[in-house]
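Hydrogens, waters and symmetry mates play no part in the numbers below; they use all other heavy atoms, side chains included. Residue numbers start from 1 in every chain, and the chains themselves are labelled A, B, ... in the order their sequence lines are given, proteins ahead of strands.
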Amino acid sequence: MLENFSFRTIIEYLPLFGQGLITTVWLSALSFAGALAVGIVLAAMNLQRSQLFRIPAKAYIDAVRATPLLAQLYFLYFGLPRLGFVLPELVVGILALSLNSGAYIAEIIRAGILSIPRGQVEAGVASGMTYVQRMRLVILPQAFKVTIPPLLGQAIVLVKDSALLSLISVSELTRAGQLLASDRFMPAEGFITIAAFYLLLYYCLKGLAGLSSRWLGLQPARSST
Amino acid sequence: MTNPSPTKTGMIDFRGVNKWFGALNVLKDITLSVEPREVVVVCGPSGSGKSTLIRCINGLETIKDGDLIVDGQRLGDPATNMAQLRTEIGFVFQSFNLYPHKTALENVTLAPIHVRKIPRAEAEQAGRDLLAKVGLADKVNAYPSQLSGGQQQRVAIARCLGMRPKIMLFDEPTSALDPEMISEVLDVMVAVAEEGMTMMVVTHEMGFARKVAQRVVFMDAGAIVESGTPEEFFSAPKTDRSRAFLSKILRH
């Protein structure tokens, strides 16, 4: 059964996979940074008392979470040029992932902030801190720790979602698999190899999550003698 | 709005204050004046509005009508800078509310450094002195999770004193503590009172009231039912409700 499986071809295509892997890594990293920015802004809007901020934020988050990423990607890729915005596919891809993942990250950040007990806010208020001081000195440092594990989970999702960018011909990892599949007619070799690389990325991020929780565990606030 | 009347104002002045939570009238026509350096103990059954009363003073709760004048400034007045006023008012919570990600010393120095803009070195020296004063010189670098309840509450008191407030408010400061830790907190509060701090203390610790309070205010169902010296209040309560309340808390 395996006699037809060509390891030689995989090795031959390794440089292509390597390039794809590198592209996946940096475009995911950029997208995650963008998603964090989008998420922070949305979470801040969502936490305001005024409906003026909350309604648009909630509408955006719902719209993104209710529709397939592929539809969003196609809208940006095929739709934007019709509206007069012509962007390179790589930029469109990073934009789509940032805007999509940002909606999920917004909810993670919001939940993290809301998980901080009301008494912490009151202690800050009572000592005369402004809203910004309370956020900076009291709430965010505590919320940060709570959000690290789910944020890394979202990063893993983002890396896997980045595979969709192959459909708008961004030369990332999945695209490398597609090339092998179509050039040599070897879909098994192509896709098992990219799966292995995604697994590798997954373990890297998981290791990072472990490191960060160990680092956070070392923060004395969490340790109970 | 009406101007504050020209009569002499206290440090804390409630004049016909009302507050509702929905349909519930939680503060009913409260009129109460606390003089500088006075220590007032507020007691009453649970749900009587005592905590709400003192939470109004630093604006953790807002009032519906009436006037509340604190340190000469009327709350809700656009000219009143609430954040500024709050720096003059220390508030000690039942559940301490220390910052868990900060050490005892950082808890004490955070607001002085960032709000009062006191230079760090100076704030830290003052913070160490205050922690020593509340008996925690050896816990300067401990985190709240490493401290007992009584120790946490003493840090919380030091945290308020670090702002050099004119007024200290205590919202059931010993209610969340194990019995053996209550006295260490009360001792600190007595020391603060004896230094001449203006204090309002919501508590059922009648020993504390007898020792340092000039006045005991008894509340029930949102209204001040009775007010008098601790001596009068404990030995000759004037109303049925205060008698019933005292018989319950003094029975043990």
Side-chain angles (χ1 to χ4, degrees), chain A residues 36 40 43-44 47-51 108-152 209 211-225, chain B residues 51 54-55 57-62 81-104 106-117 139 141-148 152 155-156 159-165 167-171 176:
Chain A
L36 266 181
I40 288 168
L47 287 166
Q48 299 307 308
R49 217 170 275 162
S50 159
Q51 299 282 356
I108 292 172
I109 293 175
R110 188 171 76 105
I113 289 173
L114 291 180
S115 74
I116 306 305
R118 174 102 197 110
Q120 292 292 306
V121 178
E122 291 193 345
V125 169
S127 63
M129 289 184 194
T130 61
Y131 176 81
V132 173
Q133 285 173 328
R134 283 192 316 265
M135 274 293 167
R136 184 167 64 89
L137 301 169
V138 178
I139 306 300
L140 292 181
Q142 297 183 60
F144 181 69
K145 287 182 190 174
V146 192
T147 52
I148 292 289
L151 279 180
L152 280 165
L211 273 181
S212 75
S213 68
R214 242 184 46 203
W215 173 67
L216 293 172
L218 286 174
Q219 298 287 300
R222 277 283 173 94
S223 78
S224 47
T225 31
Chain B
S51 290
I54 65 163
R55 285 167 62 87
I57 296 167
N58 72 347
L60 284 177
E61 306 283 353
T62 53
N81 180 342
M82 213 47 220
Q84 164 64 33
L85 181 58
R86 284 180 178 125
T87 63
E88 307 291 350
I89 307 170
F91 196 101
V92 176
F93 298 88
Q94 180 178 352
S95 50
F96 332 132
N97 294 350
L98 290 181
Y99 307 127
H101 58 306
K102 301 279 183 191
T103 63
E106 288 166 347
N107 265 278
V108 176
T109 59
L110 191 70
I113 291 170
H114 293 277
V115 179
R116 278 267 199 237
K117 311 292 183 197
K139 299 292 184 184
N141 294 317
Y143 284 84
S145 59
Q146 299 165 327
L147 300 174
S148 72
Q152 289 191 54
V155 173
R159 175 170 72 172
C160 292
L161 293 173
M163 295 295 278
R164 300 190 194 124
I167 299 168
M168 288 276 282
L169 306 172
F170 295 80
D171 187 5

Asker: Chain B heavy atoms under 4.5 Å from Arg118(A): which part of the residue, side chain, backbone, both or neither?
Answerer: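 Neither part.
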
Asker: Taking every non-hydrogen pair under 4.5 Å, which of Gln84(B), His114(B), Arg159(B), Met163(B) racks up the most with chain A?
Answerer: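 The option with the most such pairs is His114(B).
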
Asker: Keeping His101(B) on the side-chain end and Leu137(A) on the backbone end, is there a donor-acceptor pair under 3.5 Å?
Answerer: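 Flag set: sc His101(B) to bb Leu137(A) pair under 3.5 Å.
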
Asker: Please look at Phe93(B) and chain A and tell me whether the side chain, the backbone, both or neither of the residue comes under 4.5 angstrom of a heavy atom of that chain.
Answerer: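 Contact with chain A is through the side chain of Phe93(B) alone.
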
Asker: Applying ring-ring contact (aromatic ring centres under 6.0 Å, His included), name anything that partners Phe96(B), two or more places apart in sequence or on another chain.
Answerer: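 Residues passing ring-ring contact (aromatic ring centres under 6.0 Å, His included) with Phe96(B): none at all.
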
Asker: Give the minimum heavy-atom separation between Phe91(B) and Ala126(A), together with the two atoms involved.
Answerer: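 Result for this residue pair: CB-CB, 3.9 Å.
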
Asker: Counting only non-hydrogen atoms closer than 4.5 Å, does Arg55(B) touch chain A with its backbone (N, CA, C, O), its side chain (CB onward), both, or neither?
Answerer: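 When you check distances to chain A, only side chain atoms of Arg55(B) fall under 4.5 Å.
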
Asker: Which pair of heavy atoms, one from Met129(A) and one from Leu110(B), lies closest together, and at what distance?
Answerer: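 For Met129(A) and Leu110(B), the tightest heavy-atom pair comes out as CE-CD2, 3.5 Å.
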
Asker: Need one label for Ile89(B): side chain, backbone, both or neither, based on atoms under 4.5 Å from any heavy atom in chain A.
Answerer: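 Contact with chain A is through the backbone of Ile89(B) alone.
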
Asker: For Glu106(B), what residues pass the salt bridge (Lys or Arg N to Asp or Glu O under 4.0 Å) criterion, not counting sequence neighbours?
Answerer: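 Glu106(B): no salt bridge (Lys or Arg N to Asp or Glu O under 4.0 Å) contacts found.
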
Asker: Just wondering, do Arg86(B) and Ser127(A) contact through their side chains at under 4.5 Å, heavy atoms?
Answerer: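 No, every pair of side-chain atoms sits at 4.5 Å or beyond.
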
Asker: To the nearest 0.5 angstrom, please state how far the CD1 atom of Ile139(A) sits from the OH atom of Tyr99(B).
Answerer: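 Ile139(A) atom CD1 to Tyr99(B) atom OH measures 8.5 Å (nearest 0.5 Å).
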
Asker: For the residue pair Gln120(A) and Leu98(B), what are the closest heavy atoms and their distance?
Answerer: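 For Gln120(A) and Leu98(B), the tightest heavy-atom pair comes out as NE2-O, 2.8 Å.
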
